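Whatever order the structure lists them in is the order used to number ligands and atoms, beginning at 1. We number each residue from 1, following the sequence as shown. As the structure is a prediction and not an experimental result, all values here were calculated from the model. Values below: all heavy atoms of this structure, side chains included; hydrogens, waters and symmetry mates excluded.
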Amino acid sequence: MSFRTASLQLAKVAAARQIVSKRALSVLASSAVRRPAFNASVRNLNISRGIKTINFGGTQEVVHERADWPREKLLDYFKNDTLALIGYGSQGHGQGLNLRDNGINVIIGVRKNGSSWKAAIQDGWVPGKNLFPIEEAIKKGTYVMNLLSDAAQSETWASLKPLLTSDKTLYFSHGFSPVFSNLTKVEPPKDLDVILVAPKGSGRTVRSLFKEGRGINSSYAVWNDVTGKAEEKALALSIAIGSGYVYKTTFEREVNSDLYGERGCLMGGIHGMFLAQYDVLRENGHTPSEAFNETVEEATQSLYPLIGAKGMDYMYDACSTTARRGALDWYPKFREVLKPVFEELYSSVKTGAETQRSLDFNSQPDYRERLEEELNVIRNMEIWQVGKEVRKLRPENH
Ligand SMILES: NC(=O)c1ccc[n+]([C@@H]2O[C@H](COP(=O)([O-])OP(=O)(O)OC[C@H]3O[C@@H](n4cnc5c(N)ncnc54)[C@H](OP(=O)(O)O)[C@@H]3O)[C@@H](O)[C@H]2O)c1
């Protein structure tokens with residue numbers, strides 16, 4: 001697709017949402033004339049043995065795609081297996097239903113009569129057929145997919161570990177439990193394959209993208225390779241659960257980057273930055289709607305989609321010369337001020353302090369109520385109350 005066509009499509013999407021700032025798309029047409037057709041991804045692609053080696057900004061990395069594992073190959077690969085998926089929360093639901101739709105023999109193991117048990121029945125899993133109490137499911141499985149919450153993986157480990165015999169493969173979707181085993185006490189047995197596939201998104205997205213015929217991106221890793229087939233198993237499973245493509249990592253890198261990212265730009269950092277900007281606008285007499293629009297609405301509805309579609313330089317290019325000049329002047333300052341915070345955060349992740357905090361909080365019997373209290377504080381903040389009203393004004397929400 002040419003840059004001009006892509007620009008027009010983006011503009012159409014944004015216009016349909018009726019929320020494009022005047023500044024944001026004012027120079028799309030001129031930038032389309034100036035810039036060459038966008039084909040960097042094609043240039044960087046080198047296909048070998050059905051696997052793609054991609055030049056990511058100067059570093060070569062191997063990426064595996066769904067096309068490497070057509071459905072027939074997956075069915076053949078897992079024809080003698082039973083995948084015991086333990087836990088039916090966000091990931092259990094997404095991965096479990098995708099596996100089932102792919103025709104793979106998957107069974108669910110959850111606490112009998114807990115909320116996950118009921119949710120599984122609602123999704124068509126049948127007690128005694130493909131829905132079992134946790135221990136029973138593990139005994140039946142050749143693969144044990146541990147998708148309990150991270151705190152629950154630690155709490156239940158002592159009772160589950162003896163069931164993990166050497167003929168099974170143990171699977172995680174987060175490096176949390178084994179990497180921080182000094183805190184979690186989860187020490188995988190050394191005589192079986194231990195693998196990881198970590199979808200880069202919520203389990204709901206794992207499911208919705210699969211249903212749309214698309215696929216989430218995931219990372220995969222090997223902890224123990226007893227059979228010499230651990231990597232192949234991880235790759236097959238990554239596609240079977242609905243990934244579109246996967247890249248290789250280690251358990252350590254996965255957990256460190258994941259805990260860091262969600263505390264930083266993905267959630268905590270961006271939330272803190274929104275609040276700081278909004279507060280200063282309000283303290284300087286701006287109305288709530290103006291403060292919200294200039295902080296969140298324009299970001300999420302107009303500018304961030306441009307970054308997502310074609311990158312930061314594209315977003316700069318799509319803005320007015322005034323906006324562009326200001327952002328170019330100020331981003332180094334934000335970078336400089338924030339870098340020490342990110343360094344502190346990474347260190348807190350690496351030392352296990354974040355893991356300890358998560359275990360302490362999430363294994364309290366009343367953790368759901370306490371979480372709800374904290375979310376209520378956010379819900380009731382002026383900025384997010386204003387957001388509710390602003391979203392109602394979007395024409396598509398009328
Ligand atoms: N959510 C994400 O966006 C995401 C993304 C990538 C990777 N991951 C990883 O995927 C794994 C699963 O995460 P999740 O978010 O899907 O978990 P979750 O939604 O919190 O699921 C919790 C599951 O654990 C069960 N559980 C909780 N406490 C238990 C206990 N004491 N004994 C037995 N079962 C217990 C729950 O069953 P009951 O209903 O019976 O309580 C439920 O089935 C984690 O390793 C996580 O880090 C998550």
Q: Would you say the side-chain atoms of N130 pair up with the backbone N or O of W125, donor to acceptor, closer than 3.5 Å?
A: no

Q: How far is atom 19 (O) of ligand 1 from the closest protein heavy atom, and which atom is that?
A: S90 N, 3.0 Å

Q: Got the closest protein heavy atom to atom 41 (O) of ligand 1, with its distance?
A: R111 NH2, 2.7 Å

Q: Measuring centre to centre across the rings, with the benzene-like ring taken for any Trp, is F56 within less than 6.0 Å of Y247?
A: no

Q: When you compare the side chain of W384 with that of Y278, does any pair of heavy atoms fall below 4.5 Å?
A: no

Q: Can F176 be said to touch ligand 1, with heavy atoms closer than 4.0 Å?
A: no

Q: Quick check on Q153 - does any of its heavy atoms sit under 4.0 Å from an atom of ligand 1?
A: yes

Q: Under 3.5 Å, side chain of N256 to main-chain N/O of R253, donor-acceptor pair present?
A: no

Q: Can you report which non-hydrogen protein atom sits closest to atom 28 (N) of ligand 1, along with the distance?
A: A152 CB, 3.3 Å

Q: Which residue and non-hydrogen atom of the protein lie closest to atom 22 (C) of ligand 1, and at what distance in Å?
A: S149 N, 3.6 Å

Q: Would Y77 and W69 count as a close aromatic pair, with their ring centres under 6.0 Å?
A: yes

Q: If I compare all heavy atoms of P127 with all of I121, which pair ends up nearest, and what's the gap?
A: CG-CD1, 3.9 Å

Q: Which option, G94, G92, S116, owns the non-hydrogen atom nearest atom 38 (P) of ligand 1?
A: S116

Q: Checking the side chain of S302 only, and the main-chain atoms of A299 only, is there a donor and an acceptor separated by less than 3.5 Å?
A: no

Q: Taking 4.0 Å as the limit for heavy-atom contacts, which would you say applies to N146 with ligand 1: side chain only, backbone only, both, or neither?
A: neither

Q: Which protein non-hydrogen atom lies closest to atom 21 (O) of ligand 1, naming both residue and atom, and how far is it?
A: G89 CA, 3.4 Å

Q: Whether the side chain of R71 engages the backbone of N102 through a donor-acceptor N/O pair (distance < 3.5 Å, no angle test) should be reported.
A: yes

Q: Between the side chain of H398 and the main-chain N/O of L393, is any donor-acceptor distance below 3.5 Å?
A: yes

Q: In terms of residue, atom name and distance, what is the protein heavy atom nearest to atom 47 (O) of ligand 1?
A: D150 OD2, 2.7 Å

Q: Of all the atoms in ligand 1, which lie at a distance below 4.0 Å from a heavy atom belonging to H174?
A: 45 (O), 47 (O)

Q: Relative to the heavy atoms of T156, which atoms of ligand 1 are at a distance of less than 4.0 Å?
A: 32 (N)

Q: Could you check which of L148, L160, V206, V255 puts a non-hydrogen atom nearest to atom 11 (C) of ligand 1?
A: L148

Q: How close does the nearest protein non-hydrogen atom get to atom 31 (N) of ligand 1, and which residue and atom is it?
A: E155 OE1, 3.2 Å

Q: Please state whether P199 comes within less than 4.0 angstrom of ligand 1, counting heavy atoms only.
A: yes

Q: Do E136 and K139 pass the salt bridge (Lys or Arg N to Asp or Glu O under 4.0 Å) test, and can you show the C-alpha distance, the side-chain angles, and the key distance before you say yes or no?
A: CA-CA 5 Å; E136 213 177 317; K139 283 181 195 156; over 6 Å; no

Q: Only heavy atoms of L147, strictly under 4.0 Å: list the atoms of ligand 1 that pass.
A: 12 (C)

Q: Under 4.0 Å from any heavy atom of S115, which atoms of ligand 1 are there?
A: 39 (O)

Q: Using a strict 4.0 Å cut-off to heavy atoms of G87, name the atoms of ligand 1 that fall inside it.
A: 43 (O)

Q: Does some side-chain heavy atom of V110 sit less than 4.5 Å from a side-chain heavy atom of L131?
A: yes

Q: Among all protein non-hydrogen atoms, which one is nearest to atom 10 (O) of ligand 1, and what is the separation to 0.1 Å?
A: Q91 CG, 3.4 Å

Q: For ligand 1, is there an atom lying under 4.0 Å from some heavy atom of G201?
A: yes

Q: Donor-acceptor pair, distance only, cut-off 3.5 Å: does the side chain of E254 make one with the backbone of G175?
A: yes

